[in-house]
A.B. asks: 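This is the structure, below, for whatever I ask next.
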Amino acid sequence: MPEGTGSDPRRRTTPARWRVLGHPPGILIYQVRCIVEHHGWTDPAQERTHKVMLGRSGVYRRRVNGRTALSDATSVLLTRPGDEMAVAHPLGCGDSYTCLEVDPEVLAERPGAARWLHQAGWEGSSDASLDLAHRLLVADLRRGLDAFEMSERLHRFLDRLLDHTDPDGGRPWADLDRAVGRRAATLAAHRQLVDRAREVLATADFALTLDDVARAVGASPHHLSRVFQRVTGSSLTAYRNRLRVRAVLDTLAEPDGLPLRLVASEYGFADQAHLTRVVRDHVGHPPARLRALLAV
């Protein structure tokens, strides 16, 4: 696995900055920050390993085995060898994510291994607890772990990831499929509306109001809110806060970070107390504690 800047030499991919975090037997973990040189689709590239990708920041579109979807800081994607993936950055912004490549022998040790080895991959999102565990693991790997602890931590995190996913179902729009029945055009339109709203929220600052987002996607606030809840199982406010807390965690991980009152202002919180309350509600720790945990 390369470390540096450029395309992955094992297959043509979007140029990126790569950083290997660890490579115990059977598992490779690295960070990627994409460099956007053009906004169109890359050529499809075939996956060679079982791979888990966890979003950290930014937004892009992906096409896996012909299915197009949106990826953002909340996204989790599992792919298998032979899957074909292409990506595009139509909004012009880069993205960053953490990737685990897992040998089949490692997956075979897990309960229900056949579903991971022989069935389709999985796409979904991380909750606040999983996202924090992901970020704490990355911070610890960047600080440095001995080989024994690194291997154990990665195996435990992989178990948590696989427990979080449901390859036999669990699509976020399953309830919507049932609700609209066979009205494929309505289903597609609702998904497109939600993806457009996610793009707006993921690429704008956090000063936008619900009316601003609704105007940007050409829908009424009521209709957008109702469809978003039905498609994703989450309110727009909850989704916005998930993005906002992830952005705050990125800022808290930076050395010599901003004072918390300025972090609160930058990300649209009413004040530092509001920032503390929302972050604690999402991840169980106040910002000051998280700064100490995440700083490298």
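What you see below is based on every heavy atom in this structure, not just the backbone, and it leaves out hydrogens, waters and symmetry mates. This chain uses plain numbering: 1 for the first residue, then up along the sequence. Every value quoted in this text rests on a predicted model; they were computed, and no experiment measured them.
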A.B. asks: Within a 6.0 Å radius of atom CZ on Arg33, are there more than 12 heavy atoms belonging to other residues, nucleotides or ligands?
C.D. replies: no

A.B. asks: Tell me whether Arg244 forms a cation-pi arrangement with Tyr239, defined as NZ or CZ under 6.0 Å from the six-membered ring centre and within 45 degrees of its axis.
C.D. replies: no

A.B. asks: What distance separates His282 NE2 from Asp131 CG, expressed to the nearest 0.5 Å?
C.D. replies: 11.0 Å

A.B. asks: Do you know which two heavy atoms are closest between Phe206 and Ala247, and how far apart they sit?
C.D. replies: CE1-CB, 4.2 Å

A.B. asks: List the steps, then state whether side-chain contact (heavy atoms from CB on, under 4.5 Å) holds for Val76 with Val52.
C.D. replies: CA-CA 7 Å; Val76 181; Val52 185; 4.2 Å; yes

A.B. asks: Apply side chain to side chain donor-acceptor pair (under 3.5 Å) to the pair Tyr30 and Glu101, showing each step before the final yes or no.
C.D. replies: CA-CA 9 Å; Tyr30 52 93; Glu101 296 187 9; 2.6 Å; yes

A.B. asks: Are any non-hydrogen side-chain atoms of Leu290 and Val279 less than 4.5 angstrom apart?
C.D. replies: yes

A.B. asks: List the atom of Ala73, the atom of Leu243, and the distance in Å for their closest heavy-atom pair.
C.D. replies: CB-CD2, 4.2 Å

A.B. asks: So Tyr97 and Ser71, side-chain contact (heavy atoms from CB on, under 4.5 Å) or not? Walk me through it.
C.D. replies: CA-CA 10 Å; Tyr97 60 92; Ser71 283; over 6 Å; no

A.B. asks: How long is the span from the CZ atom in Arg48 to the CG atom in Asp83, to the nearest 0.5 Å?
C.D. replies: 14.0 Å

A.B. asks: Pro286: what forms a side chain to side chain contact (heavy atoms under 4.5 Å, CB included) with it, not counting sequence neighbours?
C.D. replies: Thr276, Arg280, Arg289

A.B. asks: Look up atom OG in Ser75 and atom CG in Asp95, then write down how far apart they are to the nearest 0.5 Å.
C.D. replies: 10.0 Å

A.B. asks: List the steps, then state whether side-chain contact (heavy atoms from CB on, under 4.5 Å) holds for Thr68 with Arg61.
C.D. replies: CA-CA 7 Å; Thr68 301; Arg61 289 194 171 273; 4.3 Å; yes

A.B. asks: Can a salt bridge be assigned to the pair Arg261 and Asp271 using a cut-off of 4.0 Å between side-chain N and carboxylate O?
C.D. replies: no

A.B. asks: Please examine the side chains of Val263 and Arg291, heavy atoms only from C-beta on, and report whether any two atoms are closer than 4.5 Å.
C.D. replies: yes

A.B. asks: For residues Pro221 and Asp211, report the shortest heavy-atom separation together with the two atoms involved.
C.D. replies: CG-OD1, 3.0 Å

A.B. asks: Below 4.5 Å, heavy atoms only, C-beta onward: do Val194 and His190 meet side chain to side chain?
C.D. replies: no

A.B. asks: Would you mind reporting whether Leu78 and Leu161 have side-chain heavy atoms less than 4.5 Å apart?
C.D. replies: no

A.B. asks: Evaluate side-chain contact (heavy atoms from CB on, under 4.5 Å) for Gln31 paired with Arg56, printing each intermediate quantity in order.
C.D. replies: CA-CA 9 Å; Gln31 287 184 289; Arg56 288 182 62 90; 3.5 Å; yes

A.B. asks: Under 4.5 Å between side-chain heavy atoms, chaining through other members, with only Ile, Leu, Val, Met, Phe, Trp and Tyr counted: pull out the rest of the cluster around Leu70, sorted by chain and number.
C.D. replies: Val59, Leu91

A.B. asks: Using side chain to side chain contact (heavy atoms under 4.5 Å, CB included) as the criterion, list what pairs up with His222, not counting sequence neighbours.
C.D. replies: Ser220, Arg226

A.B. asks: Less than 4.5 Å apart, side chain to side chain, heavy atoms only: is that true for Met53 and Thr98?
C.D. replies: no

A.B. asks: Mind running side chain to side chain donor-acceptor pair (under 3.5 Å) on Asp127 and Ser129 for me, showing each step along the way?
C.D. replies: CA-CA 6 Å; Asp127 58 20; Ser129 176; 4.7 Å; no

A.B. asks: Does the pair Tyr267 and Thr251 meet the rule for a side chain to side chain donor-acceptor pair (under 3.5 Å), with working shown?
C.D. replies: CA-CA 10 Å; Tyr267 292 108; Thr251 296; 2.5 Å; yes

A.B. asks: Taking Asp72 for its side chain and Thr74 for its backbone only, find out whether a donor-acceptor pair lies under 3.5 Å.
C.D. replies: yes

A.B. asks: Give a yes or no on whether the backbone of Val106 and the side-chain of Asp103 come within a donor-acceptor separation of less than 3.5 Å.
C.D. replies: no

A.B. asks: If you round to the nearest 0.5 Å, how far is CG of Leu260 from CG of Leu252?
C.D. replies: 6.5 Å

A.B. asks: Applying the side-chain contact (heavy atoms from CB on, under 4.5 Å) test to Val227, which of His223, Gln229, Arg230 qualifies?
C.D. replies: His223

A.B. asks: For the side chain of His50 and the backbone of Arg80, is there at least one donor-acceptor N/O pair under 3.5 Å apart?
C.D. replies: no

A.B. asks: Less than 4.0 angstrom from a charged side-chain N to a carboxylate O is my criterion; do Asp163 and Arg160 meet it?
C.D. replies: no

A.B. asks: Is the shortest side-chain N to carboxylate O distance from Arg156 to Asp159 below 4.0 Å?
C.D. replies: no

A.B. asks: Can you tell me how far the OG atom of Ser96 sits from the CG atom of Leu54, to the nearest 0.5 Å?
C.D. replies: 11.0 Å

A.B. asks: Under the salt bridge (charged side-chain N to carboxylate O under 4.0 Å, His left out) test, which residues partner Asp212, sequence neighbours left out?
C.D. replies: Arg215

A.B. asks: Taking only Lys NZ, Arg NE, NH1 and NH2, and the carboxylate oxygens of Asp or Glu, determine whether Glu84 and Arg63 approach each other closer than 4.0 Å.
C.D. replies: no

A.B. asks: If you define the side chain from C-beta out and look only at heavy atoms, does anything of His23 sit under 4.5 Å from Ile29?
C.D. replies: no

A.B. asks: Would you give the length of the straight line joining atom NE2 of His164 to atom CZ of Phe157, rounded to the nearest 0.5 angstrom?
C.D. replies: 10.0 Å

A.B. asks: State plainly whether the residues Arg135 and Asp250 are in salt-bridge range, i.e. N to O under 4.0 Å.
C.D. replies: yes

A.B. asks: Using the test side chain to side chain contact (heavy atoms under 4.5 Å, CB included), find all partners of Thr237 that sit at least two apart in sequence or belong to another chain.
C.D. replies: Ser235, Asn241

A.B. asks: I need the minimum non-hydrogen distance between Ser126 and Arg242, along with the two atoms involved.
C.D. replies: O-NH2, 3.0 Å

A.B. asks: With heavy-atom distances below 4.5 Å as the criterion, would you say the side chains of Pro287 and Leu275 are in contact?
C.D. replies: yes

A.B. asks: Work out which heavy atom in Phe228 is nearest to a heavy atom in Ser234; give both atom names and the distance.
C.D. replies: CD2-O, 3.3 Å

A.B. asks: Are the side chain of His89 and the backbone of Trp41 linked by a donor-acceptor contact shorter than 3.5 Å?
C.D. replies: no

A.B. asks: Can you see which heavy atom on Ala86 is nearest to which on Thr42, and at what distance?
C.D. replies: CB-O, 3.4 Å

A.B. asks: Indicate the ring-plane relationship of Phe269 and His274, choosing parallel, tilted or perpendicular according to the 30° and 60° boundaries.
C.D. replies: perpendicular

A.B. asks: How about Leu100 and Leu28: do any of their side-chain heavy atoms sit closer than 4.5 Å?
C.D. replies: no

A.B. asks: Taking side-chain hydrogen bond (donor to acceptor under 3.5 Å, both in side chains) as the test, write out the residues that go with His285, two or more places apart.
C.D. replies: none

